[in-house]
Q: 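The structure follows.
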Amino acid sequence: MKTSEDVRKLCEEKQIRMIDFKMTDLNGRWRHLTIPVERFDDDIFVYGIGFDGSNYGYAPIEKSDMVFIPDPDTATVDPFAEIPTLTMCGNVCTIGDDKNLPFNQYPRNVALKAVEYMQEEQIADRMVIGPEFEFYLLDHVSYSVTPQKCSYSIDTRQAEWNSGIDNGQNNGYQVPYQGGYHAAAPQDVGYNLRSKMCMLLEEWGVKVKYHHHEVGGPGQMEIEVELGDMVEMADKTMIVKYVLKNAAAAEGRTVTFMPKPIHKEAGNGMHVHMLLMKDGAPIFYDKDGYSGLSDTAHYFIGGLLKHIASLCAFTNPSTNSFKRLVPGYEAPVTIGYATSNRSAVIRIPAYAKKPEAKRFELRNPDATANPYYAYSAILMAGLDGIKNKIDPREHGWGPFDYNLYSLSPEEQKKIQSLPRSMGEALEALENDHDYLTAGGVFPQRLIDIWLEKKKKELQEIEQIPSPSEFKYYYDL
């Protein structure tokens, strides 16, 4: 645990001139404010830095004064600041008469509360997770949404659509559609940049498992990180997105985590591996259980699958999310679980055999999610399954050890599906959120704000004509 003294020593060692504070808004974007190092003192860890919470999407204007309390454990040098800058994330409090109180809607506070609830229920001490980050590395993006024009354009030199460019500089090493999985150089034009990204992440304390080119030919990449505690990994999810975007921008390129930025290409997921620990031991392992999973693990899976439709409102919170969740692109569309089966929404990796590594992954989430809300919602759904002993086998949710995409239409109708739209996910959340409010983890007010905001967003997007509608209907 770092102290304020440790932070001061770090500032002296690195000749820091600025202290930067990074805060997370409702959507899951980082915002920040910066002070000169001379203004930094111990009082900041007690009284915090004041800001307007209404501009972050949380509080009404009449109750918008809040304070940000930095967490010294998160202190690190920002590699993208020209002036030597130390950066920290932390927590947000409301201002009380005698003392500041943790603001219960702030994303990081929700995640801390979820872990606290798990511990109070004596189910487990730690939730350990490992997200996989898929993204597209592009050379160019432009978009326009105005009353008279709605369009977007993207490009990357490795895309197959550039194979016909005849300008005397085309080297012919484009990557075919859906042919990018583990592509090597010279086709993999993002290789060196990905290695730089991974080195930057390691320096920030984010341990990288590996990186590679993903299936999407026009520049889809993946960086997978090592497992870690839930709140820590939510922090690191924010760090990963910040580092990748800024590293790409520094080289005149751009990164997007949009779930489906390119039609007919593989989408970007954020698969989440997970396991629970209690008294230093894994509680998801049973050598005699299906695929080495204990009854507790099955109950956790049962909770996830029972609440998966409403979970999508936090794990897949964009209209674009559901353009990815379609058959044919290794994205899950059915509610079920299995071993080594990427067509099921929950997959148990066959290679994870050791007790301390025994886990499963939830495959529907994507990185448009606010990681603090998404990971907390996942934990709360699983805990509900454990508390109520929801066995997925008794509900017909698997295990499905066969290709769910290859079923006949009649067989597919017998299996429950994920929501097909953001509207369906929001409706599910409206009708199913008691598991989230248990223990006061997700305040009802937060769920109401989320639903109101997302419904408004959905309504606006649905009312905008798309280029495809001109293609199909203009001349009728």
Side-chain angles (χ1 to χ4, degrees), residues 134 178 216 257-272 301 303-338 341-347 361-370 373-374 377-378 381 392 395-398 400 403-433 436 447 450-469 471-473:
E134 296 176 339
Q178 298 186 38
F257 292 88
M258 274 182 69
K260 195 74 168 184
I262 304 174
H263 181 44
K264 294 186 178 180
E265 269 293 2
N268 293 323
M270 187 179 69
H271 310 150
V272 182
I301 289 172
L304 289 174
L305 296 178
K306 176 183 177 181
H307 300 297
I308 192 67
S310 59
L311 263 181
C312 283
F314 284 108
T315 59
N316 306 81
S318 71
T319 57
N320 191 255
S321 296
F322 298 91
K323 291 179 169 63
R324 167 183 164 254
L325 300 178
V326 295
Y329 296 93
E330 291 193 10
V333 293
T334 53
I335 297 176
Y337 78 108
N341 190 341
R342 287 174 167 80
S343 62
V345 71
I346 291 179
R347 166 183 164 264
E361 65 168 344
L362 187 66
R363 293 180 57 80
N364 63 294
D366 65 64
T368 59
N370 183 322
Y373 292 152
I378 289 168
H395 290 266
W397 294 326
F400 297 134
N403 189 344
L404 293 166
Y405 300 139
S406 64
L407 297 178
S408 68
E410 292 75 23
E411 291 173 317
Q412 288 178 353
K413 288 179 182 177
K414 299 175 184 177
I415 299 178
Q416 293 173 261
S417 298
L418 293 177
R420 291 178 170 84
S421 69
M422 182 173 161
E424 288 186 17
L426 294 176
E427 183 179 355
L429 178 61
E430 219 166 8
N431 297 323
D432 176 30
H433 57 255
L436 296 173
I447 292 173
W450 189 261
L451 286 168
E452 180 182 357
K453 180 187 180 303
K454 287 296 173 180
K455 285 181 179 179
K456 184 177 179 180
E457 189 178 302
L458 175 61
Q459 183 182 44
E460 179 183 341
I461 293 172
E462 286 182 337
Q463 290 177 356
I464 299 172
S466 76
S468 295
E469 289 174 315
K471 173 184 175 181
Y472 283 101
Y473 310 129

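Just the heavy atoms: all of them, side chains too, but no hydrogens, waters or symmetry mates, feed the values below. It should be emphasised that the depicted structure is a prediction, and the values quoted were computed from it without experimental measurement.
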Q: Any chance you could measure L325, atom CG, to S417, atom OG, to the nearest 0.5 Å?
A: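 L325 atom CG to S417 atom OG measures 11.0 Å (nearest 0.5 Å).
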Q: For residues D366 and P317, report the shortest heavy-atom separation together with the two atoms involved.
A: OD1-CD, 4.4 Å
Q: How long is the straight-line distance from CD of E427 back to OG of S310, given to the nearest 0.5 Å?
A: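 Here the interatomic distance stands at 11.5 Å.
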Q: Quick check against the 3.5 Å criterion: does E265 have a side-chain atom that pairs as donor or acceptor with the backbone of Q178?
A: yes
Q: So W397 and I346, do their side chains get closer than 4.5 Å, heavy atoms only?
A: no
Q: Tell me if a side-chain donor or acceptor on E134 pairs with a main-chain N or O of G269 at a distance below 3.5 Å.
A: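 Between the backbone of G269 and the side chain of E134 there is a qualifying donor-acceptor contact (under 3.5 Å).
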Q: Under 3.5 Å, is there a donor on one side chain and an acceptor on the other for N316 and N364?
A: yes
Q: Check this for me: does any side-chain nitrogen of one of E457 and K453 sit under 4.0 Å from a carboxylate oxygen of the other?
A: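 A salt bridge links E457 with K453.
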Q: What are the two closest non-hydrogen atoms of A344 and G336, and how far apart are they?
A: CB-O, 3.8 Å
Q: Quick one: does K260's side chain get under 4.5 Å of F322's, heavy atoms only?
A: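 Side chain of K260 against side chain of F322, heavy atoms only: no contact under 4.5 Å found.
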Q: Please check if the side chain of E462 supplies one atom and the backbone of Q459 the other of a donor-acceptor pair under 3.5 Å.
A: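 A pair under 3.5 Å: no.
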Q: With a 4.0 Å cut-off on N to O distance, would you call E430 and K455 a salt bridge?
A: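 So E430 pairs with K455 through a salt bridge.
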Q: Can you name the closest pair of heavy atoms from L429 and W450 and give their distance?
A: CD2-CD1, 4.0 Å
Q: Would you find more than 12 non-hydrogen atoms of other residues, nucleotides or ligands less than 6.0 Å from E452 atom CD?
A: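 No - once you tally the heavy atoms of other residues, nucleotides and ligands closer than 6.0 Å, there are 12 at most.
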Q: Going by atom types only, do T368 and N320 share a side-chain donor-acceptor pair under 3.5 Å?
A: no
